[in-house]
Amino acid sequence: MGIVKGAMYGYNTDDANAVASGILLGKKGYVARAGVTGTMPNQVGVQPTTTLAYMSGGNLYYRVPLGYFDGSVSAIKATPALLTAADSNFIEANINLNVDVLGRTGTMVPFKVASGTTVSNTDTVTYRSASGVNSAHYPLSVTPGFTPDALFCWKKINSTYGGMFAFTMYISGAQLGPYAGGCIGIYSSGSSNGVGYTLTSVTIGSTCSVPVEFGSTSYSWMAFG
Amino acid sequence: MGKIIGAMDGIGLSDATVTAGDILIPQTAYNSSGIKLTGTMPNMAVAEPVTTTVTKSGGNVFMQVPQGYYSGGSWSDVHATAALLTSGDPNFVASNLRVLTSVLGMTGTLNPKIVASGSTYISNYDTYTFVLDDGTIADGSVNGRPYFSGQLVITVGFVPKFLAVWNASVTAMSLYSSYTIFGSNANSHILGNASGWYGVRVGSGPAVIGTTCVLAGMGSSTYCGWIAFG
């Protein structure tokens, strides 16, 4: 109620220019001798969901609904589906396995590589070959931090022909195809050349123990998984 | 303050509730005290607003909207940089995203695990000219010098980072690694043979690393198993 009949005084509001959509919903002011009640939606605390998102210039843009946001408790919700609509690469297959990234949990199995050097044991352990033959070798303990599909340990013996190496290789049984069965091959001099060992005394896990030819010797290793 | 005028022309303002912050810049209106207010509410339809904070909750992303009026149209779309998304979710980093793939403004560095395995048959008994790392031609022409029987041709289907080949009895194997674990030559690989030299490095020659690989063989007329990681 703006007009006051019979009053001794009143206000001239002719020089104001606000429109209803320029005033927050429910708030009332006077413009040009008339009360104007705001119609601008108040989004404070509403937490609306954005309905449109897209990529431009390497940034994520999202549509903000009509209304007033106060900058403190006015957040827009973007669902994973909407983010994928903005960028079709935002899918589980592009995200690291079991990692939640912005609401999507990855399914991409990563390729893992670890490497290092370690010194073999002083004392030998008896290993049993695939053919049932026992032989003594020095255990080498390495810690890839994951269970490898392939593990490779080597030591340069001399520089003949540019380099000759003794090495041990493990390939997981699941990956051996027609020649299945976890194996360890030792390449070095002597009778143990190229022997497929069973997993007796061999440990494969985030920490591995495999046989090598030389004791108390530094070996390089690399694991793949 | 609005001018006080005669009762017949003026109006009462007592029921006004508006404040300057309720009015869009630069619109004006009078409050209950007769004061002319100029709006202070920012008009984000003429800005390039950037999200101030990002949070993750309940499987959704919440992006803070800067204070002001939004028209609901494209002129007031808000954007969030990749760095800001990371601040809201520390898991949104390159190391969690597929290599060379741009995801919401972040290019991934994580290599997927690609594995292939199978068997190959060495039918060719010819001696191929592989060269050892010191330049020695491994043709067996000199007594005691290494030589290689046949060559391994393996169709991997991708360029492997690691390739291992072994015979059925695991008495000979040929190994390649892109990590130059045995040296710096790009296509160098190791061949070991129970009856010969331990692991001798093949420095060059017809070795090829690609979707189809060619390595020095360790025998002939025999099947070999292989595995490759990409």
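Order of the sequence lines fixes the chain letters, A, B, ..., with proteins taken first and strands second; residue numbering starts at 1 for each chain. The shown structure was predicted, so the numbers you read here are calculated from the model rather than taken from an experiment.
Interface summary for chain A: among B:Thr51, B:Val93, B:Val54, B:Leu84, the most heavy-atom pairs under 4.5 angstrom belong to B:Thr51. Contact tally against chain A (heavy-atom pairs below 4.5 Å) for B:Gly58, B:Ser74, B:Pro90, B:Ala45: the top residue is B:Ser74. Chain B forms the most heavy-atom pairs under 4.5 Å with one residue out of A:Ile76, A:Asn89, A:Val99, and that residue is A:Ile76. Looking only at heavy-atom pairs under 4.5 Å with chain B, the residue among A:Ala53, A:Ser56, A:Gly22 that has the most is A:Gly22. The most heavy-atom pairs under 4.5 Å with chain A, out of B:Gly108, B:Ser102, B:Ala164, come from B:Ser102. Chain B forms more heavy-atom pairs under 4.5 Å with one residue of A:Leu24, A:Leu60, A:Ile91, A:Thr79 than with any other, namely A:Leu60. Among A:Ser21, A:Gly106, A:Ala86, A:Pro80, the residue making the largest number of heavy-atom pairs under 4.5 Å with chain B is A:Pro80. Of the listed residues (B:Pro66, B:Gly88, B:Gly68), the greatest number of heavy-atom pairs within a distance under 4.5 Å of chain A belongs to B:Gly68. Listed options B:Asn91, B:Val78, B:Leu24 were ranked by heavy-atom pairs under 4.5 angstrom with chain A; first place goes to B:Val78. The candidate with the highest count of non-hydrogen atom pairs below 4.5 Å against chain A, out of B:Gly105, B:Ala80, B:Gly59, is B:Ala80.
The contact between A:Ser72 and chain B is made entirely by backbone atoms, counting heavy-atom distances below 4.5 Å. Only the backbone of A:Ala34 comes within less than 4.5 Å of a heavy atom in chain B; its side chain stays farther off. If you measure heavy-atom distances from A:Val109 to chain B, the contacts under 4.5 Å come from both the backbone and the side chain. Within the 4.5 angstrom heavy-atom criterion, atoms from both the backbone and the side chain of B:Met63 approach chain A. Interface remark: B:Pro112 contributes backbone and side-chain atoms alike to the contact with chain A (heavy atom separation under 4.5 Å). Only the side chain of A:Val113 comes within less than 4.5 Å of a heavy atom of chain B; its backbone N, CA, C and O stay farther away. For B:Asn96, the parts lying near chain A are the backbone and the side chain together; criterion is any non-hydrogen pair under 4.5 Å. Looking at A:Leu83, both its backbone and its side chain come within 4.5 Å of chain B, counting heavy atoms on both sides. Neither the backbone nor the side chain of A:Ser220 comes within less than 4.5 Å of any heavy atom of chain B. Residue A:Asn42 does not touch chain B at all, counting heavy-atom pairs closer than 4.5 Å. When heavy atoms are compared at a cutoff of 4.5 Å, B:Ser57 does not approach chain A at all. The parts of B:Leu85 that come within reach of chain A are both its backbone and its side chain, each placing non-hydrogen atoms under 4.5 angstrom from that chain. Of the two parts of A:Pro65, only the backbone, made up of N, CA, C and O, holds a non-hydrogen atom closer than 4.5 Å to a non-hydrogen atom of chain B. For chain A, the nearby part of B:Ser71 is the backbone; its heavy atoms alone come within less than 4.5 Å.
Put simply, CG on A:Asp70 and CE on B:Met41 are 10.5 Å apart, with the number rounded to the nearest 0.5 Å. Atom CE of A:Met222 and atom NZ of B:Lys161 lie 12.0 Å apart (nearest 0.5 Å).
Nearest heavy atoms, A:Pro110 versus B:Leu110: CB-CD1, 3.7 Å. Of all non-hydrogen atoms in B:Ala16 and A:Gly29, the two that sit nearest each other are CB-CA, 4.3 Å. The two residues A:Ala150 and B:Phe229 have their closest heavy-atom pair at CB-CE1, 3.7 Å. Taking all atoms of both residues into account, the shortest heavy-atom contact from A:Ala18 to B:Ile23 is CB-CG2, 4.3 Å.
At least one side-chain heavy atom of A:Lys28 sits under 4.5 Å from a side-chain heavy atom of B:Asp15. Between B:Val61 and A:Lys77, the closest side-chain pair of non-hydrogen atoms is not below 4.5 Å. Contact annotation: the side chain of B:Val115 never approaches that of A:Phe111 to less than 4.5 Å [non-hydrogen atoms, C-beta and beyond]. Annotation: side chain of A:Met108 is not in contact with side chain of B:Lys113 (no heavy-atom distance under 4.5 Å).
Residues A:Asn94 and B:Thr101 have side chains that never bring a donor and an acceptor to within less than 3.5 angstrom of each other. A donor atom on one side chain and an acceptor atom on the other are found under 3.5 Å apart for A:Tyr68 and B:Gln67. Side-chain polar atoms of A:Asn12 and B:Tyr30 form no donor-acceptor pair below 3.5 angstrom. In this structure, a donor-acceptor pair under 3.5 Å is present between the side chains of A:Tyr54 and B:Asp77.
In this structure, B:Thr28 contributes its side chain and A:Asn17 its backbone to a donor-acceptor pair below 3.5 Å. Side chain of B:Arg98 to backbone of A:Ile95: no donor-acceptor contact under 3.5 angstrom is found. Between the B:Gln27 side chain and the A:Ile23 main chain, no donor and acceptor come within less than 3.5 Å of each other. Under the 3.5 Å distance criterion, the side-chain polar atoms of B:Lys56 are matched with a main-chain donor or acceptor of A:Asp100.
The aromatic rings of A:Phe224 and B:Phe162 sit parallel, their planes meeting at an angle under 30°, below the 60° perpendicular limit.
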